[in-house]
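Okay, so here's the structure we're looking at.
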Amino acid sequence: MADPVASMFAGDRASRALGIELLEHGPGTAVLRMTVTADMVNGHGVAHGGCLFLLADSAFACACNSHGPVTVAAGAGIDFVASAHEGDVLTAVAVERTRYGRSGIYDVSVLRGDEVIAEFRGRSRSIGTSTKESQS
């Protein structure tokens, strides 16, 4: 059986464009890494919140798709705790909190070393079809 996370991440052009790497994954978990580049910094000289959200969302996607059926976000929110800057190496650690029916809740911590940069909570919904079927 093909690895659903590896297959999904291989086709994730948005994450790859930001240089995001999938470090590890397991049932309901994922760890991704991204280095903040000059193109990710906003007008205040800090990492753009959208880039941090994308990193966390990608970790969430890997964790919630680890069980096999195609799963998408039903909603998500993020709290920014500290600023990140160009050159910072950030790690997103996703953990499944609960799954019920076709839904789930996942928490993602975005870290610079041991320092929390952002906390993300995502709500998932399994659609139970292949990605190609859901696009037609």
Side-chain angles (χ1 to χ4, degrees):
M1 179 170 147
D3 178 344
V5 174
S7 297
M8 180 200 65
F9 195 76
D12 185 346
R13 293 175 58 188
S15 293
R16 284 193 326 229
L18 289 186
I20 295 173
E21 302 169 83
L22 175 61
L23 301 181
E24 58 186 78
H25 65 283
T29 65
V31 179
L32 280 67
R33 178 174 55 209
M34 175 183 84
T35 300
V36 178
T37 66
D39 289 335
M40 297 177 192
V41 175
N42 67 21
H44 297 295
V46 299
H48 194 289
C51 295
L52 299 180
F53 188 96
L54 194 148
L55 171 62
D57 187 50
S58 295
F60 161 56
C62 290
C64 69
N65 277 279
S66 65
H67 299 290
V70 172
T71 304
V72 297
I78 193 166
D79 292 299
F80 301 108
V81 178
S83 298
H85 301 90
E86 183 179 349
D88 286 351
V89 177
L90 305 179
T91 305
V93 179
V95 177
E96 180 179 273
R97 294 299 174 207
T98 188
R99 281 180 34 207
Y100 51 99
R102 293 177 26 211
S103 300
I105 298 173
Y106 294 78
D107 287 336
V108 182
S109 295
V110 178
L111 308 164
R112 175 179 48 226
D114 292 331
E115 180 185 10
V116 174
I117 299 299
E119 290 287 347
F120 171 105
R121 173 157 279 188
R123 292 174 284 113
S124 68
R125 183 77 170 166
S126 173
I127 59 175
T129 61
S130 75
T131 303
K132 289 184 187 206
E133 288 172 2
S134 66
Q135 293 174 349
S136 43

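- Between the CG atom of Asp57 and the OH atom of Tyr106 there is a distance of 13.0 Å, given to the nearest 0.5 Å.
- Here the closest non-hydrogen pair linking Val81 and Glu119 is CG2-N, 4.5 Å.
- Closest heavy-atom contact between Val110 and Leu52: CG2-O, 4.5 Å.
- Contact check for His67 versus Pro27: side-chain heavy atoms found under the 4.5 Å cut-off.
- Side chain of Ser126 to backbone of Ser124: no donor-acceptor contact under 3.5 angstrom is found.
- Thr98 OG1 to Asp107 CG: the interatomic distance, rounded to the nearest 0.5 Å, is 11.0 Å.
- Linking Ile, Leu, Val, Met, Phe, Trp and Tyr residues whenever their side-chain heavy atoms come within less than 4.5 Å leaves Val93 and Leu22 in two separate clusters.
- Cluster annotation: Phe9 and Val95 are assigned to distinct hydrophobic clusters (Ile/Leu/Val/Met/Phe/Trp/Tyr, side-chain heavy-atom contacts under 4.5 Å, transitive).
- Criterion: ILVMFWY side-chain heavy atoms under 4.5 Å apart, direct or through other members. Under it, Leu90 and Phe53 are part of a common hydrophobic cluster.
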Go through Val36 and His85 one step at a time and tell me if the side chain to side chain contact (heavy atoms under 4.5 Å, CB included) criterion holds.
CA-CA 7 Å; Val36 178; His85 301 90; over 6 Å; no
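- Here Arg112 contributes atom CZ and Asp88 contributes atom CG; the two are 4.5 Å apart, rounded to the nearest 0.5 Å.
- Nearest heavy-atom pair, Val5 versus Ser66, reported as atom, atom and distance to 0.1 Å: CG2-CA, 3.5 Å.
- Between the side chain of His44 and the main chain of Val46, no donor-acceptor pair closer than 3.5 Å is present.
- At least one side-chain heavy atom of Arg125 sits less than 4.5 Å from a side-chain heavy atom of Arg102.
- By the 4.5 Å heavy-atom criterion applied to side chains, Ser103 and Arg123 are not counted as neighbours.
- The CG atom of Leu32 sits 9.0 Å away from the OG1 atom of Thr91 when rounded to the nearest 0.5 Å.
- Separating the CD atom in Glu21 from the OG1 atom in Thr35 is a distance of 7.0 Å, to the nearest 0.5 Å.
- Shown here for Ala59 and Ala30, the closest heavy-atom pair between the two residues is O-CB, 3.7 Å.
- No side-chain heavy atom of Thr37 sits less than 4.5 Å from a side-chain heavy atom of Glu86.
- Inspection of the Ser15 and Ser58 side chains reveals an N or O donor paired with an N or O acceptor under 3.5 Å.
- Considering CG of Asp12 and CG of Leu54, their distance stands at 7.5 Å, rounded to 0.5 Å.
- Taking all atoms of both residues into account, the shortest heavy-atom contact from Leu55 to Ile20 is CA-CD1, 3.9 Å.
- Clustering ILVMFWY residues whenever any of their side-chain heavy atoms sit less than 4.5 angstrom apart, transitively, puts Met34 in the very cluster that holds Val41.
- Scanning both residues, Val108 and Ala94, for their nearest heavy atoms gives CG2-CB, 3.7 Å.
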